[in-house]
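Reviewing the structure listed below.
We count ligands from 1, going down the list as the structure has it; atoms in each ligand are counted the same way.
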Amino acid sequence: MKVVILETPQAVANYGAAMFIRQLTSKPTSVLGLATGSTPLALYQQLIAANQAEIISFKQCSTFNLDEYLGLAPEHPQSYRHFMNEQFFQHIDIELSNTHVPNGAAQNPLTAGDEYEALIKAHGGIDIQLLGIGRNGHVGFNEPSSCLASRTRVKTLTQATIDDNARFFSAEEYQPHLSITMGIGTIMEARNVVLLATGESKAEAIQATVEGPLSASCPASALQMHLSTTLIIDDAAASKLKDKAFYQHIERENQALLKRLSH
Ligand code: PGA
């Protein structure tokens, strides 16, 4: 995997946004894999600005989100569908009918996963998948011990994830303990993966992802087997990497090579 270490969370967002802008410019019909959480928000802001400046258009693209809470209807203010509409979709020129989020209110949650997988396939697969990472190494809601070949399905949330996300729910509000999430196998089929992480609280998970063994104990470590993954992280999230200087050296060499090739 490619590890890009930048000074600030804003630089992380800018670098990630530039990758999405390049993707959309070269293929306006791209299938984008999207993520919720606080980390991608600054990247979405950049994409909204690029869309409003008419640098990119989302008119022909389609999107698939990673996950949704089971038991929350799309219009529920805490649902990830609502989050995506509010934070991103309603500010860009995308057709809402081209945006997909797993159905947290599915009649039969046990078949909803297969239906989501079929829909991704019918769209030709995901060109570029955005990921955040949990402090426990989860991607999507693939919690530690998730099968590394898993597909979209119902997953039980760990107490750590429930606690991390409690900040979004008021005391009297129902907080789901189950989700529907793309599997690790689903994510591994995306042609490109972009994982963003910022802040000290993610440093341990990032160390395990990059330098730890390939293990279901850190689901993100499966990305060690992915052919085109870029981890974009700030200094704080990189602070526990043992070979940080080497990753920085690689990135400088890559940039120098690209510069030489472009002349
Ligand atoms: P966060 O969540 O971006 O809000 O830290 C990431 C995740 O849990 O995947």
Query raised in the report: Crowded around E95 CD? As in, over 12 foreign heavy atoms under 6.0 Å?
Result: no
Report summary line: ring pair (Phe, Tyr, Trp, His ring centres under 6.0 Å) filter on F169, not counting sequence neighbours, yields Y69
Report summary line: For ligand 1, protein residues within the heavy-atom limit of under 4.0 Å are G37, S38, T39, G132, I133, G134, H138, R167, K202
Query raised in the report: So which pairs with a foot in residues 33-43 pass side chain to side chain donor-acceptor pair (under 3.5 Å), sequence neighbours left out?
Result: S38-R167
Report task. Tell me, please, which residues at least two apart from T63 pass side chain to side chain donor-acceptor pair (under 3.5 Å). Result -> none
Query raised in the report: Between I5 and V3, does a side chain to side chain contact (heavy atoms under 4.5 Å, CB included) hold up when you go through it step by step?
Result: CA-CA 6 Å; I5 303 168; V3 182; 4.0 Å; yes
Report task. Determine, stepwise, if the pair S79 / H76 fulfils side-chain hydrogen bond (donor to acceptor under 3.5 Å, both in side chains). Result -> CA-CA 5 Å; S79 73; H76 191 286; 5.7 Å; no
